[in-house]
Engineer: 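Got a structure for you, questions after.
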Amino acid sequence: MTARIAAPRQNEDALRRAGRLENLGLTSLAVPGVALILTAIVLPLGVMVYLSFVGQGGSFTFENYARLWTTPIYAEVFKMTLVVSLYTTVIVALIGYPFAYLLVQLPERFQNTALLIVLLPFWTAVLVRTYAWLVLLQNQGIINHALMQLGIIDTPLELSHNLIGALIGMVHIMLPFMVLPLFASMKAIDGDLMAAAANLGASPARAFRDVYFPLSLPGFLSGTLIVFVLCLGFYVTPAVLGGGRVIMAAMRIEANVRLYSSWGAASSLGVVLLLITMVLIFVASLVAKKAGQGVIR
């Protein structure tokens, strides 16, 4: 009787040991990935946070963060960063949504070609594309020269070295990041739903508003978040096309390191920018969750 009871217990213990070994083996497969994440992401972030609390004399201090709130130039930098990021995101959304909708409506044989055209800018360096826009937009550039030759304008338009030029360049670079998530979201929408709404008496505008747009909202929110977050840390395009008149956070960070060798000031600005990004991602996730619940209802 005792042997019969002990046998199942031994089998159970053996199964538990085998399960623990299997879990240990599976966990060990994740070690290289975890090590890579710690080395490439967590460690640099930790160093940045540490440097943000180091003063000029090497001692622990909050002066780097205090400077962000007491120096007017930093308020202007944050304001410009948010304004440029917001304007760029809004313009990209206004262009990207109808463009993605047009791509989805194309026949299947043309969609791959259209997507290839959207992806083409990724094959060219950002710096090259930025200087190409500078050639087009500057006072003696191709656009102003053509308009003056046609007699449309008498003096060159101020299209570069200002906010307008920076926005044009950033919209061009950010547009694919909006179109691709939107296209994937719209592609998954069943076209019969619009026909069903029409059969129930909904006009095309109402069917789009009540059916199509809510279903495409996850892709729209994803694209908006991606564009806005990327704009917050953008450097090359506003530096070249802004002409020194559009100073964003990344440019100020670079200046603190290159001109003043102030790693603490640059790190504190980077930490604040990271916190802003995390808050935006958290808020966007809540909005996306509520939007998803609204669609399900």
Side-chain angles (χ1 to χ4, degrees), residues 27-71 73-82 84-86 88-89 121-130 166 169-170 173-174 176-177 180-181 222-240 242 246-286:
T27 303
S28 64
L29 295 176
V31 171
V34 173
L36 179 62
I37 292 174
L38 291 175
T39 305
I41 299 178
V42 178
L43 181 60
L45 287 178
V47 172
M48 182 179 69
V49 174
Y50 167 76
L51 291 176
S52 68
F53 291 102
V54 176
Q56 295 290 342
S59 59
F60 180 85
T61 180
F62 289 97
E63 65 179 13
N64 295 319
Y65 289 98
R67 190 183 298 113
L68 296 180
W69 310 115
T70 57
T71 306
I73 188 173
Y74 286 105
E76 292 297 324
V77 167
F78 279 116
K79 179 181 177 181
M80 181 61 70
T81 301
L82 293 175
V84 172
S85 300
L86 181 61
T88 302
T89 304
F122 285 123
W123 300 346
T124 306
V126 173
L127 186 61
V128 174
R129 283 182 277 167
T130 301
M170 292 183 68
I173 292 172
M174 294 296 169
F177 294 101
L180 294 178
S222 298
T224 301
L225 180 62
I226 292 172
V227 171
F228 191 82
V229 170
L230 289 177
C231 288
L232 288 176
F234 224 68
Y235 173 80
V236 174
T237 302
V240 174
V246 181
I247 307 298
M248 298 183 66
M251 300 166 61
R252 187 62 191 177
I253 292 172
E254 186 270 344
N256 283 337
V257 175
R258 180 173 58 87
L259 298 178
Y260 309 111
S261 298
S262 180
W263 289 91
S267 298
S268 62
L269 188 55
V271 170
V272 172
L273 195 62
L274 176 63
L275 292 176
I276 293 175
T277 303
M278 293 174 64
V279 170
L280 290 173
I281 293 175
F282 176 73
V283 172
S285 64
L286 293 179

Engineer: Taking atom CZ of F234 and atom CD1 of I173, what is their separation to the nearest 0.5 Å?
Structural biologist: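 Rounded to the nearest 0.5 Å, the CZ-CD1 separation comes to 4.0 Å.
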Engineer: Would you say the side chain of L45 lies within less than 4.5 Å of the side chain of M48, judging by non-hydrogen atoms?
Structural biologist: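 Heavy-atom side-chain distance check passes, below 4.5 Å.
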Engineer: With a cut-off of under 6.0 Å to the ring centre and 45° to the axis, is R67 in cation-pi contact with Y74?
Structural biologist: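 Not satisfied by the 6.0 Å and 45° rule.
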Engineer: Given side chains that start at C-beta, do those of P238 and V84 come closer than 4.5 Å, heavy atoms only?
Structural biologist: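 The answer is no, as the side chains (C-beta and beyond) never meet within the 4.5 Å cut-off.
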Engineer: CG of L232 to CG of L274: how many Å apart, nearest 0.5 Å?
Structural biologist: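 Result: 11.0 Å between the selected atoms.
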Engineer: Counting C-beta onward and ignoring hydrogens, is there a side-chain heavy-atom pair between I253 and Y235 closer than 4.5 Å?
Structural biologist: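 I253 does not reach Y235 side chain to side chain.
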Engineer: Rounded to the nearest 0.5 Å, how far apart are CE of M248 and CD of E254?
Structural biologist: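 The distance works out to 14.0 Å.
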Engineer: Please indicate whether L127 has more than 12 foreign heavy atoms, meaning atoms of other residues, nucleotides or ligands, lying under 6.0 Å from its CG.
Structural biologist: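 It does: L127 CG has more than 12 such atoms within range.
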Engineer: Taking atom CZ of F78 and atom CG of L273, what is their separation to the nearest 0.5 Å?
Structural biologist: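 These two atoms lie 6.5 Å from each other.
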Engineer: State the CG-CD1 distance between L43 and I41, to the nearest 0.5 angstrom.
Structural biologist: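 Output value for this atom pair is 11.5 Å.
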Engineer: Kindly say whether F282 contributes a backbone atom to a donor-acceptor pair with the side chain of S285 at under 3.5 angstrom?
Structural biologist: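 Side chain of S285 to backbone of F282, a donor-acceptor pair under 3.5 Å: yes, one is there.
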Engineer: So which atom in L269 and which in A249 form the shortest heavy-atom distance, rounded to 0.1 Å?
Structural biologist: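 Here L269 and A249 meet closest at CD2-O, 3.7 Å.
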Engineer: Indicate the ring-plane relationship of F177 and F122, choosing parallel, tilted or perpendicular according to the 30° and 60° boundaries.
Structural biologist: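 Because their plane-to-plane angle is over 60°, the rings of F177 and F122 count as perpendicular.
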Engineer: Could you tell me if T130 and T237 have a donor-acceptor pair between their side chains, going purely by distance under 3.5 Å?
Structural biologist: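 Distance-only check passes for T237 and T130.
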Engineer: Does W69 have any side-chain contact (heavy atoms from CB on, under 4.5 Å) partners at least two apart in sequence or in another chain, and if so, which?
Structural biologist: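 side-chain contact (heavy atoms from CB on, under 4.5 Å) list for W69, sorted by chain: empty.
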